[in-house]
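Reading through the structure tokens given below for one structure.
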Amino acid sequence: MTVRVLLFARYREAAGKAAVEVEIGEDATLADVWESVRARVPALREERRPLFSCDRVYARPDHPVTGREEIAVFPPVSGG
Amino acid sequence: MTVRVLLFARYREAAGKAAVEVEIGEDATLADVWESVRARVPALREERRPLFSCDRVYARPDHPVTGREEIAVFPPVSGG
Amino acid sequence: MPGLYRIVEGPLDLESAIQAVSGPDRGAIATFIGTARDHHDGRPVQSLEYHAYVPMAEAVMRQIGGEIASRFGTPHVAILHRIGRVAVGDPSVIIAVAAAHRREALAACSHAIERLKGIVPIWKKEHYAGSARWIEGPDPPALTS
Amino acid sequence: MPGLYRIVEGPLDLESAIQAVSGPDRGAIATFIGTARDHHDGRPVQSLEYHAYVPMAEAVMRQIGGEIASRFGTPHVAILHRIGRVAVGDPSVIIAVAAAHRREALAACSHAIERLKGIVPIWKKEHYAGSARWIEGPDPPALTS
């Protein structure tokens, strides 16, 4: 299935766009999504500390993906 | 000698004035000043927790009085 | 439900944060204002730029308000964070917490800024003379249960 | 010498306190606003009245600023306290502290209000429906060396 992944901050700048679409298998997790994103966007290959959210709530890399969530990946936050 | 003693808050209300003048001996301390004030102002006789200042700095009851200081006596503070 | 949690494009208004938390049964309001500093690690900074995952950031700020209500007993919390370019000296974040007593208000305000820096999806970019750099936070505390 | 330490007859101005401590080399401003509450120990309060030994109060507030400079490393402190009648909801005291970093600013602000309540010669009178009462503080910490 195809999922759309939102990117923020440095990841967005590296990709040159606010979101990417990737193909994943039926039993995919967020970790699988991230691997597909990095395969699509070479500039993200060196990123080692991604955070994930599903439907605007933090989620772990082993979180399963149904394809109906709003998925985002971003670097550690630095607001304030 | 005669010293003028500033009163604040409840002490001022009890005395009905902002300051009282009392006579004290040559080697008097702030504790002696306070005794003289209470002798002059019956409404202050029940006060048990006076604080003292000399020249706008806190001072202890055993602090000696020269007669040239600005002396004040007042209850525990409650600002804020 | 009380509380104000907002990502804002443009200047932040301290008075609106204080208004949002004030009330006659509260004796204490603590506020924290984070402003853009002119240096970082000894390097001159010309301006800051903030980027946010806006709807999630507002939801996580509201979650922090819930933590404050259960830990410090007051629901009167406002958290405002600016995005876009912020000039040196201008506020990037404003927090206000009102409570019956001073200790709860101050402790809650401190909790709010620590948690905001730890978990709210906002990122800072520092602009220097002729260059810029995204600041990456430390590894966050446990984010999911 | 930086710092603003003032007993004020009439409304307090938060903005002037913040202005007095702000600067481009500081990333954090913590403020504390104490407001008149509508109740105390379960009893409805109609208004507060504050009385001060004005010159000594300002001197002791300045002394608290000195404590903050040596303990928390910042001289950027403002302490304003109102005297006279204060309506419910209005500020009676405003403290602002600016520092390079948030923890120093918040800890210094907390120190300032604790010390103000402990040692600054100001007294509060609570006005109820048809009566009034001077509030007397606890025995103060060691006041003299």
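Any value given below was found using the heavy atoms of this structure, including those in side chains, with hydrogens, waters and symmetry copies removed. Convention: sequence-line order gives letters A, B, ...; per-chain numbering from 1.
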Margin query: Does the plane of the ring in A/Phe8 sit parallel, tilted or perpendicular to the ring in A/Phe74? Use 30° and 60° as the thresholds.
Written below: perpendicular
Check: Where does C/Tyr50 contact chain A at under 4.5 Å (heavy atoms): side chain, backbone, both or neither?
Finding: side chain
Notebook entry, point to check: Do C/Arg115 and C/Glu67 pass the salt bridge (charged side-chain N to carboxylate O under 4.0 Å, His left out) test, and can you show the C-alpha distance, the side-chain angles, and the key distance before you say yes or no?
Noted result: CA-CA 10 Å; C/Arg115 290 292 276 166; C/Glu67 293 173 4; 2.7 Å; yes
Check: Below 4.0 angstrom, N of the basic side chain to O of the carboxylate: do A/Glu70 and A/Arg56 qualify?
Finding: yes
Next item on the list: Look at A/Arg10 together with A/Glu47 and state whether they make a salt bridge at an N to O cut-off of under 4.0 Å.
Entry: yes
Notebook entry, point to check: For chain C, which of A/Ser53, A/Ala72, A/Ser78 has the most heavy-atom pairs under 4.5 Å?
Noted result: A/Ser78
Checklist line | Side chains of A/Leu6 and A/Ile71 in contact at under 4.5 Å (non-hydrogen atoms) | finding: no
Note to self: Counting only non-hydrogen atoms closer than 4.5 Å, can you tell me which residues of residues 74-90 of chain C sit against chain A?
What the structure shows: C/His81
Check: Quick one: are C/Glu126 and C/Glu49 in side-chain contact, heavy atoms under 4.5 Å?
Finding: no
Notebook entry, point to check: Are A/Glu69 and A/Thr66 close enough, and set up right, to give a side chain to side chain donor-acceptor pair (under 3.5 Å), and what steps lead you there?
Noted result: CA-CA 7 Å; A/Glu69 306 92 340; A/Thr66 69; 3.2 Å; yes
Checklist line | Pair A/Thr2-A/Glu23, side chain to side chain donor-acceptor pair (under 3.5 Å): steps then yes or no | finding: CA-CA 5 Å; A/Thr2 303; A/Glu23 281 298 315; 2.2 Å; yes
Checklist line | Selection from C/Gly34, C/Pro121, C/Ser92 maximising heavy-atom pairs under 4.5 Å formed with chain A | finding: C/Pro121
Check: Does any heavy atom of chain A fall under 4.5 Å from the side chain of C/Ala57, the backbone, both, or neither of them?
Finding: neither
Note to self: Quick check: under 4.5 Å, non-hydrogen atoms only, which of residues 131-139 of chain C neighbour chain A?
What the structure shows: C/Trp134, C/Ile135, C/Glu136, C/Gly137, C/Pro138, C/Asp139
Next item on the list: Find out whether A/Leu51 and A/Val73 are in side-chain contact, i.e. whether some heavy atom of one side chain is under 4.5 Å from a heavy atom of the other.
Entry: no
Checklist line | Any donor-acceptor N or O pair under 3.5 Å, side chains A/Glu13, A/Tyr11 | finding: no
Notebook entry, point to check: Between C/His111 and C/Phe72, does the ring centre distance come in under 6.0 Å?
Noted result: yes
